[in-house]
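No hydrogens, no waters, no symmetry mates; every other heavy atom, side chains included, goes into these values.
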Amino acid sequence: MKIISVVGARPNFMKVAPIYRAFRESKYADVGLTHKICHTGQHYDENMSKVFFQDLALPTPDFYLGVGNGSHAVQTAKVMIEFEKVLLREQPDLVLVVGDVNSTVACSLAAVKLGIGVAHVESGLRSFDRTMPEEINRILTDAIAHYLFVTEHSGLHNLKREGIDDEKIFFTGNVMIDSLIFYLPRAAKSNIFCELNVNKAEYCLVTLHRPSNVDNQRRLAELLNFLNELAKDKRVIFPVHPRTRNNIDLFKLHDKLDSDVLLIDPLGYIDFLALLEKAFLVITDSGGIQEETTFLDVPCLTLRSSTERPVTVEMGTNYLVGEQINDAKKYFYQILHGETKQGQIPELWDGRTAERIAEIIAGNLL
Ligand code: UD1
């Protein structure tokens, strides 16, 4: 029996790492189950990809497709063409995809067209905003997958409403939290605080990369002004995604930033986790960071008008801010004055999700 897990973009690596470890257990090898990794190359920079393989102790991928950048159609099509060749050669019994990036839907589609089963990890999440490319990727992947592994209750309701058969759906928890729990002890030894010369709990950590926030000059300038304002009270650490970096350069916004807003290159997993755990506040438009901050009980302002991860707002420490900067400021000053939400950890975010997924897959395949 052969399974190929797919990684493509930065948020995929920490989701596949615990699955890789779970399938490496001797009990699976003993019964002849092989697990391989295919990297599509959607993200290709050292600090968007390679550093994650080192930090997460992932092996060199068995297959590397090298698709790189391109429009959505070009990127998705290139992944399909190259992945189909791997599938024809390798004849796996199952393809496992994670998350919602272009590589997720592309590899799922290539597999089902060849009659190969697909398992989707982090299934069922919906922002109900179809202008987000990730929302389209989620809906399409879930519609054709054979195993749907769900992280939170909202996912179960969403899949039911879309008419997915109950027997395909498994509520297994969150593999991203498996990685977080596994690597926190290493993050505790990170030197990043010395390197950046910042004190624990004395900074806001910022990540922004969604097209809706960073592709429009006025919006990006408004967000950078907001960061300048935060920096009057707390230092701001901002590891900048390549898309955002390109736009800051293109719109010539670099000079507008206060010296207490520290723009740095994207970080590896361990250093980022260290900063996340000890942040006073996190400001983001990412998906996964909403979950990580909820687990870590760190307040998080999500600068989006929808979230596909509602449990982080309902149970966790996440605030869905919307588009108004004044609302973000209001929450910031509330938190600065000690008015924070009491968060709880969602069900089955316990570090053992990958084990549960491996058991289910092996139980069905073998
Ligand atoms: C992609 C995912 C998004 C995820 C994000 C995390 C889709 C539709 N989007 O968006 O869900 O949250 O990754 O980072 O799959 N670039 C580099 N080096 C790299 C990777 C990208 O310079 O290693 C540049 C590209 O050339 C492009 C820009 O960054 O100009 C955007 O990259 P792309 O992968 O297209 O989309 P993301 O915005 O990163």
Side-chain angles (χ1 to χ4, degrees), residues 3-7 10-25 27-28 33 35 37 52 55-58 94-101 104 108 117-126 138 141-142 145-159 164 166-187 269 273 276-277 286-297 308-312 314-316 318 343-365:
I3 299 170
I4 298 181
S5 287
V6 175
V7 290
R10 184 170 63 176
N12 294 160
F13 305 122
M14 59 292 256
K15 294 173 192 167
V16 166
I19 290 168
Y20 161 73
R21 274 199 311 280
F23 278 122
R24 219 177 33 180
E25 292 264 318
K27 64 177 173 182
Y28 296 121
L33 199 152
H35 178 253
I37 295 179
F52 287 83
D55 277 3
L56 296 161
L58 277 167
L94 187 76
V95 167
L96 185 146
V97 296
V98 297
D100 55 17
V101 301
T104 308
S108 304
V118 169
H120 184 204
V121 173
E122 204 184 85
S123 172
L125 297 179
R126 297 289 181 268
R138 293 180 200 115
T141 304
D142 284 340
H146 304 80
Y147 299 86
L148 297 96
F149 296 110
V150 176
T151 52
E152 62 166 85
H153 284 282
S154 72
L156 298 173
H157 302 306
N158 295 334
L159 294 176
I164 311 273
D166 274 350
E167 62 264 29
K168 292 185 185 170
I169 303 172
F170 304 90
F171 181 45
T172 40
N174 194 328
V175 281
M176 186 133 188
I177 303 300
D178 287 12
S179 271
L180 188 153
I181 293 172
F182 190 81
Y183 287 104
L184 265 184
R186 271 191 56 200
Y269 183 69
L273 197 53
L276 207 52
E277 188 192 12
S286 147
I289 293 173
Q290 300 172 54
E291 297 179 335
E292 291 169 325
T293 46
T294 275
F295 185 86
L296 294 168
D297 200 24
E308 59 289 335
R309 293 161 159 92
V311 75
T312 61
E314 288 153 15
M315 280 184 82
N318 188 20
Q344 280 175 287
I345 295 177
E347 196 181 341
L348 294 186
W349 291 18
D350 60 358
R352 306 197 53 194
T353 296
E355 287 168 41
R356 288 189 278 270
I357 290 173
E359 280 293 316
I360 292 166
I361 290 177
N364 279 277
L365 278 190

Hey, what do you get for [atom1] ([X]) to [atom2] ([Y]), rounding to the nearest 0.5 Å?
| X | Y | atom1 | atom2 | value |
| --- | --- | --- | --- | --- |
| D350 | I181 | CG | CD1 | 6.5 Å |
| R138 | L125 | CZ | CG | 6.5 Å |
| E122 | E152 | CD | CD | 9.5 Å |
| I19 | I361 | CD1 | CD1 | 7.0 Å |
| L180 | L273 | CG | CG | 5.0 Å |
| I345 | M315 | CD1 | CE | 9.0 Å |

No-hydrogen, no-angle side-chain donor-acceptor test under 3.5 Å, T294 and N318: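 On atom types as modelled, these side chains do not qualify, holding no pair under 3.5 Å.
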Who pairs with [X] by side-chain contact (heavy atoms from CB on, under 4.5 Å), at least two apart in sequence or on another chain?
| X | result |
| --- | --- |
| L56 | F13, M14, A17, F52, L58, S179, Y183, Y269 |
| E355 | R352 |
| N174 | T151, M176, I177, E291, W349 |
| E314 | P310 |

Not counting sequence neighbours, which residues clear ring-ring contact (aromatic ring centres under 6.0 Å, His included) with [X]? List them please.
| X | answer |
| --- | --- |
| F170 | F149 |
| H157 | none |
| H120 | none |
| Y28 | F23 |

By salt bridge (Lys or Arg N to Asp or Glu O under 4.0 Å), which residues pair with [X], not counting sequence neighbours?
| X | answer |
| --- | --- |
| R21 | none |
| E359 | K27 |
| D178 | none |
| D297 | none |

Side-chain heavy atoms of T104 within contact of V6, under 4.5 Å: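 No - every pair of side-chain heavy atoms lies 4.5 Å or more apart.
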Minimum-distance pair of heavy atoms, taken over all atoms of I169 and L159: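 Closest approach of I169 to L159, heavy atoms only: CD1-CB, 3.7 Å.
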Nearest heavy atoms of A362 and L33, plus distance in Å: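 In terms of heavy atoms, the two residues are closest at CB-CD1, 4.1 Å.
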Would a distance-only check, ignoring hydrogens and angles, find a side-chain to backbone donor-acceptor pair under 3.5 Å from [X] to [Y]?
| X | Y | result |
| --- | --- | --- |
| S5 | I37 | no |
| Q290 | T312 | no |
| N158 | G124 | yes |

